[in-house]
**Q** 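Quick one: the structure is below, and I'll ask about it shortly.
The chains referred to below are lettered A, B, ... by the order of the sequence lines, with proteins before strands, and numbering in each begins at 1. Keep in mind that what you see is a predicted model, and the values were worked out from it rather than measured.
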2 protein chains.
Amino acid sequence: MGISKTELFTKKQNELANIARALGHPARIAILQHVVKINACICNDLVGELGLAQATISQHLKELKQLGLIQGTIEGTSVCYCIDPKVWEKYKKLFSEFFLEVKQASKANCSPDCC
Amino acid sequence: MGISKTELFTKKQNELANIARALGHPARIAILQHVVKINACICNDLVGELGLAQATISQHLKELKQLGLIQGTIEGTSVCYCIDPKVWEKYKKLFSEFFLEVKQASKANCSPDCC
DNA sequence: CCTATTAATCGTAATATTGCATTGAAGCGA
DNA sequence: TCGCTTCAATGCAATATTACGATTAATAGG
């Protein structure tokens, strides 16, 4: 019904999914990459950099902020964004663990011609 | 307008976002974890394992298949799913690279009290 | 052939997301 | 103070996603 049944899953599964969903938009990937590239702060170069409207970018920034991936501090009339290295590191680890789960899965339970 | 302006972004950004979006649902995380855990193949234990309807799970499996993360081979009357290690490895690398971009971002361009 | 099992697909409803124009608030310079 | 700039918040329209019941298709086993 358009709503995820989050109660069926573990906290960790939901957490992973939330982060992944936040990264699941090229604009947000681009925003993060640009913030990282400029190395620290950014206000609304993003509007010029990506081809999206200011309102749209603001919305994407909001989502990233909610996840804690970036911080915004007021800098006079503009806002200065930078990533939060601690959160970034935490999420990086979460994903690494997830991807590492596979290792070298053997084909034990599999019929010979499966997969 | 509800549609992502993918043409504004690089191929790599879109690719990353696509994978992330696919991982951006706890059911798909759970499916992947279960497939990995059982180590090779799975049919529709998933329906029992997660509390979702068969149609819903089938839909999630379809998305994962479209991404190439898992393969399904017909096994009599049931279908056997397993992850594709090559694709898994490829995506793992993509994400690692993305997360590594940050490294130890200095605060060069930043005002003293920013971030 | 008949039936049960399994999974894909279709149709539908509810909800979420994306993108933007517009509005609102707050700081800055004249 | 009066604009001007910068960004956040809101509200809308278009589209996507999530979930499920019902149906369909394929196969195995009698």
Side-chain angles (χ1 to χ4, degrees), chain A residues 1-9 13-14 17-31 35 41-67 70-82 111 113-114, chain B residues 1-9 13-14 17-31 35 41-67 70-82 111 113-114:
Chain A
M1 299 169 184
I3 188 169
S4 298
K5 295 195 150 184
T6 53
E7 73 277 7
L8 291 179
F9 309 101
Q13 285 169 336
N14 280 308
N18 271 334
I19 305 164
R21 200 179 43 74
L23 299 179
H25 194 289
R28 290 194 286 269
I29 295 278
I31 287 175
V35 169
C41 304
I42 278 292
C43 326
N44 228 22
D45 323 321
L46 288 168
V47 177
E49 196 71 24
L50 326 183
L52 292 169
Q54 180 268 322
T56 306
I57 293 191
S58 190
Q59 214 172 8
H60 285 307
L61 284 168
K62 188 180 167 192
E63 282 190 66
L64 292 173
K65 247 191 295 182
Q66 269 170 348
L67 230 99
I70 60 174
Q71 305 170 305
T73 52
I74 296 167
E75 192 89 353
T77 95
S78 53
V79 173
C80 164
Y81 291 103
C82 47
S111 88
D113 49 333
C114 167
Chain B
M1 302 172 180
I3 190 170
S4 297
K5 294 193 148 185
T6 53
E7 73 277 8
L8 290 178
F9 308 102
Q13 285 169 336
N14 281 309
N18 271 335
I19 306 164
R21 200 180 43 74
L23 299 179
H25 193 288
R28 290 193 286 270
I29 296 279
I31 286 174
V35 168
C41 305
I42 277 291
C43 329
N44 226 21
D45 322 322
L46 289 167
V47 177
E49 198 71 24
L50 328 182
L52 293 170
Q54 181 266 322
T56 307
I57 293 194
S58 190
Q59 215 170 6
H60 284 307
L61 284 168
K62 189 178 166 193
E63 278 188 69
L64 292 173
K65 246 189 300 184
Q66 267 169 351
L67 231 101
I70 61 174
Q71 306 170 304
T73 52
I74 296 168
E75 192 86 356
T77 94
S78 51
V79 174
C80 163
Y81 290 104
C82 48
S111 87
D113 50 334
C114 166

**Q** Over how many whole Å does the gap from B/H60 atom NE2 to C/dT9 atom P extend?
**A**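 B/H60 atom NE2 is separated from C/dT9 atom P by 15 Å.
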**Q** How long is the line joining CG of B/L67 and C1' of D/dT17, in whole Å?
**A**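 To the nearest whole Å, that distance equals 16 Å.
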**Q** Quickly work out the A/L61 CG to C/dT17 C1' distance and round it to whole Å.
**A**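 Spelled out: CG on A/L61 to C1' on C/dT17 is 16 Å.
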**Q** Could you give the CG-to-P distance, from B/L23 to D/dT18, as a whole number of Å?
**A**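 About 12 Å, once rounded to whole Å.
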**Q** What does the B/S/- profile of nucleotides 21-30 of chain C look like, 5' to 3', with a 4.0 Å heavy-atom cutoff to protein?
**A** B-----SS--
**Q** Could you pull out the closest heavy-atom pair between B/A22 and B/L64, with the gap in Å?
**A**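 Residues B/A22 and B/L64, closest heavy atoms: O-CD2, 4.5 Å.
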**Q** Taking all heavy atoms of A/R21 and all of A/R28, pick out the closest pair and write down the distance.
**A**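 So the two residues come closest at O-NH2, 3.4 Å.
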**Q** From D/dA19, C/dA7, C/dT17, pick the nucleotide closest to the side chain of B/L52?
**A**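 Between D/dA19, C/dA7, C/dT17, the one nearest the side chain of B/L52 would be D/dA19.
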**Q** Please confirm whether the shortest side-chain N or O distance from B/S58 to OP1 or OP2 of C/dA7 is below 4.0 Å.
**A**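 No, no such contact exists.
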**Q** Any idea which heavy atoms bring A/G72 and A/K65 closest together, and the distance?
**A**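 Smallest interatomic distance, heavy atoms only, reads N-CD, 4.4 Å.
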**Q** Work out which heavy atom in A/A30 is nearest to a heavy atom in A/L50; give both atom names and the distance.
**A**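 Scanning both residues completely, I find the closest heavy atoms to be CB-CD2, 3.8 Å.
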**Q** Go ahead and write out DNA chain D as dot-bracket, 5' to 3': ( ) for pairs within the strand, [ ] for ones crossing earlier pairs, | when the partner sits on another strand, dots for unpaired; Watson-Crick or G-U wobble, both distances under 3.5 Å.
**A** ||||||||||||||||||||||||||||||
**Q** In whole Å, what is the span from the CG atom of B/L50 to the P atom of C/dA7?
**A**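 Going from CG in B/L50 over to P in C/dA7 covers 13 Å.
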**Q** Tell me the interatomic distance from B/K62, atom NZ, to C/dT6, atom P, rounded to whole angstroms.
**A**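 In whole Å, C/dT6 P lies 22 Å from B/K62 NZ.
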**Q** Measure from the side chain of A/R21, starting at C-beta and using heavy atoms only, and say which of D/dT18, C/dT17, D/dA8 lies closest.
**A**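 Of the options given, the side chain of A/R21 lies nearest C/dT17.
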**Q** Where the side chain of A/H25 is defined as all heavy atoms beyond and including C-beta, which of C/dA7, D/dA19, C/dG19 is the nearest nucleotide?
**A**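 For A/H25, the side-chain atoms sit closest to C/dG19.
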**Q** If every non-hydrogen atom of B/V47 is compared with every non-hydrogen atom of B/Q54, which pair is closest and at what distance?
**A**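 Heavy-atom minimum between the residues: CG2-CA, 3.9 Å.
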**Q** Identify the heavy atoms of A/L52 and A/A27 that sit nearest to each other, and give their distance.
**A**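 In this case the closest contact between A/L52 and A/A27 is CD1-CB, 3.8 Å.
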**Q** Less than 4.5 Å apart, side chain to side chain, heavy atoms only: is that true for A/L46 and A/L61?
**A**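 Counting from C-beta outward, A/L46 and A/L61 do come under 4.5 Å.
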**Q** Tell me the interatomic distance from A/L46, atom CG, to C/dG19, atom C1', rounded to whole angstroms.
**A**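 So the two atoms are 16 Å apart, to the nearest Å.
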**Q** What is the separation between atom CD1 on A/I57 and atom P on D/dC7, rounded to the nearest whole Å?
**A**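 Checked: the CD1 to P distance equals 11 Å.
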**Q** With a cut-off of less than 4.0 Å, is there a side-chain N or O of B/Y81 near OP1 or OP2 of C/dA8?
**A**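 Yes, such a contact exists.
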**Q** How do A/K65 and A/Q59 order along DNA chain D: which one's closest nucleotide is nearer the 5' end?
**A**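 Its nearest nucleotide being more 5', the pick is A/K65.
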**Q** Under 30°, 30 to 60°, or over 60°: which ring-plane class applies to B/H25 and A/F9, parallel, tilted or perpendicular?
**A**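 It falls in the perpendicular class, over 60°.
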**Q** Got a sec: does the CG of A/L8 have more than 12 other heavy atoms crowding it under 6.0 Å?
**A**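 Correct, the count exceeds 12.
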